[in-house]
Structures are given as structure tokens and as C-alpha cells.
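Here the structure is laid out as C-alpha cells; the discussion comes afterwards.
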Amino acid sequence: MREGARLLLTVLKNPARQAGLSADAWSQVLYLARACGLLGRVAADAERYGLLDSLAAGVRDQLIGARRVAEMSRTRLLWEMDRVRRATLGSDIKIVLLKGAAYVAAGLPCAAGRVSSDIDVMVGRDSLQWLEATLMAAGWQQVKSSNYDQQYYRDWMHELPPLRHPERNAVIDIHHTILPPTSRYKPDPAKLLANARMIDERFAVFSDTDLLLHSAAHLFADGELRGGLRDLVDQRDLIAEFGRDAAFWQRLKARAEELGLTRPLAYSLSYAHDLLAAPVPAEVLTDARRALPWPPLRWVMDWCVRAALIPPHLFDRAAGAAVAGELLYIRSHWLRMPPLMLARHLGVKVWRRTLGSRP
Amino acid sequence: MGRDVRDITRLPEHFRALRREGLRFRVGPFVAHVRTPFSRLRHDFLETYEGFPLASEAEATTFHLQVRATSPLRRWVRPKLMADAGFAHTPFVPLPGDLGMLAMEMGLNWLVATSSDRFLMFHAGLVERDGKAILMPGASGIGKSTLTAGLSLSGWRFFTDEFGLLDPDTLAFHPHPRPISLKNESIPVLAERVMPERLSRPLHETPKGTIRYLKPPRDALERMAETAPASLILYPNYNPNAKSQVIELPKHEAFAMVRGAAVNCDRLGETAFRTLAALTDRCRSFRLIYRSLDQAIRMVSDLMEHAP
Amino acid sequence: MTAVSKADDRQQSGPSGGPLSIWTVPSPERLLWHDLGAVAVVFNARSGDTHVVDALAHEALSLLVESPRTASALTTALAELLEAPEVEVAPKVEAIVAEFDRLGLIFPLVTIH
């Protein structure tokens, strides 16, 4: 693994090691952390470990800036929740917060320094239209204006076309399940919703097992993996937080089987353990790894994941990472769509680019 | 890199380094690391950035930038180049091979704009005299750069013509002395005040017309670590057909105007609000309408008495 | 930065924000005020937004911080303060309340149906 990537993983595993980094090491860590969307996290770690004042001025400046940006991101998330609460006042709809919003609302450790650009929520399919209409009545607007985009989302995605509030410039994604309906994994959204835990009269978050399974599914079944180290850090933190309860592991295994997500979970536990020292009990790890694909697919995947999770340094760029990124892009689309559909989608994208319209 | 060389020079070793490992230099509170294979750009860069202090090994890099060919072929055939900071979602556009300096400057500007949330950052020119910093916010094309450059050649210390970096804790500005980008009509106005070697070669047919870069004065580079407290806020407005005048802004207008110039205030939240409140409590704000550069310099001199 | 003023032609009320709502200011300690003479600016730390507030809007917000009340109770209190007839004050207060609600400075505590 490249030197910069190794350094970044070191300080993410053990923030106290920030204290001993040379200026050259910091140059690499600051760059890669920013490229991976983890600068806010590195800053939060420095603050939590009381290291901020001991760092060189140039480094401290960057971390103080990143901390402010993360703080503002958190404010914006909480504020969008407040605005959704206002817009849905008087109804009895239950809205499940996903990802960053869930971590902030539930006060989980991975919320520290995390920057989210959008707010993601999930509701039952029967509430989708009502919520979309209610938010639009309260000022939210469609972002995707073309009929093709609208239809694409409604036919093939696990979420509605995004809505944006023009005054606050904030985007909300309303999901009805956690993976696109065309994905090979089909976790039952009703089961996820049924176990969600209310945190106030309006909002809920997934149960402990489902928070981890959702993040794992997002990274290893749906996402493009590019810059996905941030998600893996979330998973490491969730594992460390929930794994203190010994009963968690049994529930996790049962739930992964119930939702059909044993393979994404196996990837998650493996990589969170191998790259970020997540405290996964040895027997759990061994057991989970049975769900991994057989070689050589496993080796290809391993190479792709390691190359794609952390981008190479700008001044240290070989062709490998770009190829891995492309492979994974095609792979993730392949996982998500029937082949004919994929050809059509990529075709439309290329066609529109040629015509020069907005992507 | 040579052991005795502490500043950027036009030596062959720096010319070579720009292509290979890159050059790391200090500009105010930042350390920039730049690299490019284009020899025309390397010549231009070394000339324009001559005298900038090289960063020591004890200083971490704040941001990296390379100016590269848009495709391998484009390095040699009708070269097209663009800035690359290594991040997704950057606003950089391909430019003709002759405009490398513009790609470099625009790239560095974007990096400064997105790496300065430690400071409350103003889109403004900034100069200092007698330990008092004068902030001159303004959109491009209304004489901000020209006036900043003019003052810098008339006894004021040059801080920046683009980014006013205010420390929220101390209400002091940090210098960020970069080459001053002079455009179109402002070029002859300044050219008659400086030795020809202070100006870069003209870049023609850029998206903003003709551009020449004015090298920052020597003392601006030597004293780039010396901050100065915010003392006065001026809104320069060059208008050869108007009556020259100085108009003091009422407090609410002063607040709204300076907030509008604070580029990252939405990212700084409460810190920005408190800082803007303290800044407008401390500094008076004036609109400055002037017909010539010399006149504006005299008006600014007179206004210094209002600076605390 | 948005301006809150006696915009009397603007009228908007969200769902369940009818005339019978009791309005409250959530976490008034997170509102930071800065006096600018003719007007004041207020920073809402919950939203990260800054608003310009004129004297009447400032007074209205202060009254709601003091105690939650309906728009008509607010009208009565402001009319008394200004020594002006309620019918004159009422439309301005309604516009201000709608604007405060839109900006999230106030929240309906209870809605009486």
C-alpha cells in the first residue's frame, strides 16, 4: 500500500499518532483526508485527543477550518430535520433518518466531524407520495427537471428524484428502500422499518444491526467505492460502538441472513478489521468470511477495494487507481441494473454529453 | 534542491524541480506545492514568483496543484492545459497552452478559497500602513486591483489583491501577497509606475481579456508573516465621469456590505457573525468614488485619520 | 441575509400554522443579536442564518420569547405598546408571524382545531 494511504489509516486507527507525524507526513495526510472527505474527522480526532494546540500552525489552521465546516454541516442537518418536522406537523408519519442524519440524531461517535451534503430519509412506500407532495407544498422543488431523469429515478432507483429547498439550498433524498430494486440484493424495506427506533415523535433511526448493514450495503453493493473510506470509517465506529454488547454479534448474523446481506457484511467486517482495526471477534470474522466470493473473484475484488478506497496522491498517480475506479463503476452499475437497461442508461448519458446538455 | 537557495529563483535547478518533484513555497499562512511539465509555464512561473520563500522541511503543504495537459497528446500537439488539484468537482477549464500562468493562478485561487476556513475570508484588496490594515472589498472590474497595486507602490504595504484573511480570534489580517492580476485598461496605468521587469509578459485573449501579472513588492514578500489589525473598510469605485467623493456608510449598510464580501461566512456560522459584528463595530466604512488613481491615493491618505 | 420587515403583501402560512396556533421561539438563547442603529441583525445558531430585523419585528420576537402566544394575542400586546388601534397593527403582525414561521424563528406550539 502507498505511503500516504498507510499514514492516513494509521491516524484513523489511532488518532494519538497524529502527535508524532512529520511535516511531510502531514502534507500527505491532509491531502488524502480531504480527498476522502475525512478532513473533518481527522480534525475532530485531534480535538478529542487534545492535540490541536500542539500541532504546527499550518496544520492546525487546516484542521480548525475543517472542524468549522463539519460543525456547519451538522447544524444544517439538524436544521433540515427541523424544517421537515415543521412541514409535516399534524401528521403521524414516521420518517427514518439515514446515514449522516441518523448518526447525528442518534448521537453516534461516527457523527464526529462528518460532513454530509444532503439529508437522506426513508419512509414506507405508501407514504412516499404524501411526503413528496407535502414537502413540495412547503417550498421544496424538484432538482431533476428532465422527464428522462424523473422516470429513471421512479423506475429504477430506491429513492425519489431529489428535492431541494431553493432558499436553503438543501437537498433531501426520500428513499423507499436502501438499495435500487434492480440490485441483486433485495433487503425487505418493511423489515428495516419495523425495527427502526423512534428518537422523537417524528423521526426514527434504524436498529443497531441495520445501521451497520445499511452502511455496508451502500458501500459494497450499491456505491462506487470511490472515496468510500469515509463509509468504512462509519462502519468501524458502528462496530466498535455496538460490538461492546456481546449479544450484538449473534443478532447481526441473524439479521444479515434475514435481509440477505451476508456478503456485503462480510466485506464490511473484513475491510473494517483489516484496514481500520475494527474490534471484530476472531470467530465472527472467520464465520462472516465464508460469505465472501471464491478466488479469483475475491482477489480481483480485494485489489479493487484497496486501490479504490483511498485515491492516490496527486503527485504520485499511477494508472492503477483510475482503472480500478472505472472497473468498480461498471461493476456497481452491473450489480444495480439488468444489462439492457445498463446499456440504455450509459447510452443516454453519452448521448447527452455529446449534445452538450447538462449531465 | 540547492542547500543555500531559500527563495524561488530563475536557476536551472528550480526549472527542473518544477517538472519533477515540484516546488514548495510559502505564501502568507499557506504552503503551496506546484508542478508542471510545460516549459513555457515554468519560465513564466519562475519569473513571476521570483523571491517567494521556499518552504522548509518543517512546514506541511497546505495544497497541491499541477498544471497538466488535458490529454497526453495535447502536451505536444496544439497544447491544451488545465489545472488539477486532485479533487473531484473542481471548476477548472482547459486553456490554450500559452495561458499556463492563468491556469496556475486560477487553480491557486480556488485552492485558497476552499482552504481558508480558519479565517473569515473577504473578496477584497488589502494594504497596510503604520500598522493599520485597510480592507477594500469589491467585485472584479471596479478598480480594486488597480487601487491596491497603486497604493502598494506609494508607501503602503501590499497584503493581497484578492483574499483578505481575517483571524476571528485577533481581528488581524494575514498577508497573502500573490502576483497582482492586472487586466486590460489597468495595465498601462500601472506600467508607467513600475520598472518593466516587475510585470509579466502579457497573456492575450484570456477569458478576461489581456492580463499581466505585477510581481509583489519585495517588502511584501519579506514581511508576509506580519499581520495587521483591521482599521478601515473602503469600497473603491472608479468612475471618470462622476464627481469624486467620500461617503460614509451607515452601520446597517456597512454590515450588509462587508458580509456580502465575506466569501466563507456561511461556512463559519456563528464565528462569522461575531467577527463581522466586531469588525463593523471597530472599523468605519466609506464608499470612495474617484476619477484617477492619483486622486484615489490622496483620498485614502486623508481617510487614514479615521483609522483607529 | 434575509430581511424581516413589515411586508404587508406577503401572506403565507404553512400546514397547521393557522390563526389559532400558539407560537413559541425555540431555544431563544441561540439567537445572537447585534444592534445596527436603524435595524438589528439576528443570527439564528440553529439554522446558521442571519436576518435583518426592524423595530416592530424585533419587538414582536422579544414578546414571543417572553411568552408563547397566538398572533392575535401578539397583536393586542403590540398595539398596546405602540398605542395604536389593533386593526391597524393586525395585518402587520400577521405578515411578521408568517415570515418568522417561514424562516423558522418561531414554531407552532399547539394548534387548536
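Nothing here was measured: the structure is a model prediction, and the numbers come from that model.
Closest approach of A:Trp26 and B:Ala60 over heavy atoms only: CB-CB, 3.8 Å.
Checked by atom type, the side-chain pair A:Ser73/B:Arg267 shows no donor-acceptor distance below 3.5 Å.
Here the straight-line distance linking atom CG of B:Asp117 with atom CG of A:Leu63 works out to 12.5 Å at 0.5 Å rounding. For the atom pair NE2 (B:His89) and OG (A:Ser117), the distance works out to 8.5 Å, reported to the nearest 0.5 Å. Note that the CG atom of A:Asp61 and the NE2 atom of B:His174 stand 7.5 Å from one another [nearest 0.5 Å]. Interatomic distance, CE of A:Met72 versus SG of B:Cys265, reported as 9.0 Å (0.5 Å rounding). Rounding to the nearest 0.5 angstrom, the gap separating the CZ atom in A:Arg67 from the CZ atom in B:Arg118 is 10.0 Å.
Checking each of B:Thr61, B:Thr62, B:Val31 against A:Ser27 for a side chain to side chain contact (heavy atoms under 4.5 Å, CB included) leaves exactly one that passes, namely B:Thr61.
Annotation for B:Met106: atom CE does not count as buried by contact number, only 12 or fewer foreign heavy atoms lying within 6.0 Å. Atom CG of A:Asp53 sits in a sparse spot, with 12 or fewer heavy atoms from other residues, nucleotides or ligands closer than 6.0 Å. Counted within 6.0 Å of CZ on A:Arg17, heavy atoms from surrounding residues, nucleotides or ligands total 12 or fewer; the atom is thus considered open. Residue-environment remark: CD (B:Glu205) stays at or below the threshold of 12 foreign heavy atoms within 6.0 Å. Atom CZ of A:Arg85 is surrounded by more than 12 heavy atoms from other residues, nucleotides or ligands within 6.0 Å.
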| request: Could you go through the side-chain contact (heavy atoms from CB on, under 4.5 Å) check for B:Thr271 and A:Arg68 one step at a time? | output: CA-CA 9 Å; B:Thr271 304; A:Arg68 289 199 178 121; 3.8 Å; yes
| request: Dump the intermediate steps for side-chain contact (heavy atoms from CB on, under 4.5 Å) on B:Gln66 and A:Leu314, then the final yes or no. | output: CA-CA 8 Å; B:Gln66 65 181 358; A:Leu314 176 67; 3.5 Å; yes
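Taking the side chain as every heavy atom from C-beta outward, B:His64 and A:His313 approach each other to under 4.5 Å. Using a 4.5 Å heavy-atom cutoff, the side chains of B:Ser115 and A:Arg34 are in contact.
When each of A:Val69, A:Val29, A:Asp24 is checked for heavy-atom pairs under 4.5 Å with chain B, A:Val69 comes out on top.
Of the atoms belonging to B:Ala85, it is backbone heavy atoms, and not side-chain ones, that fall under 4.5 Å from chain A.
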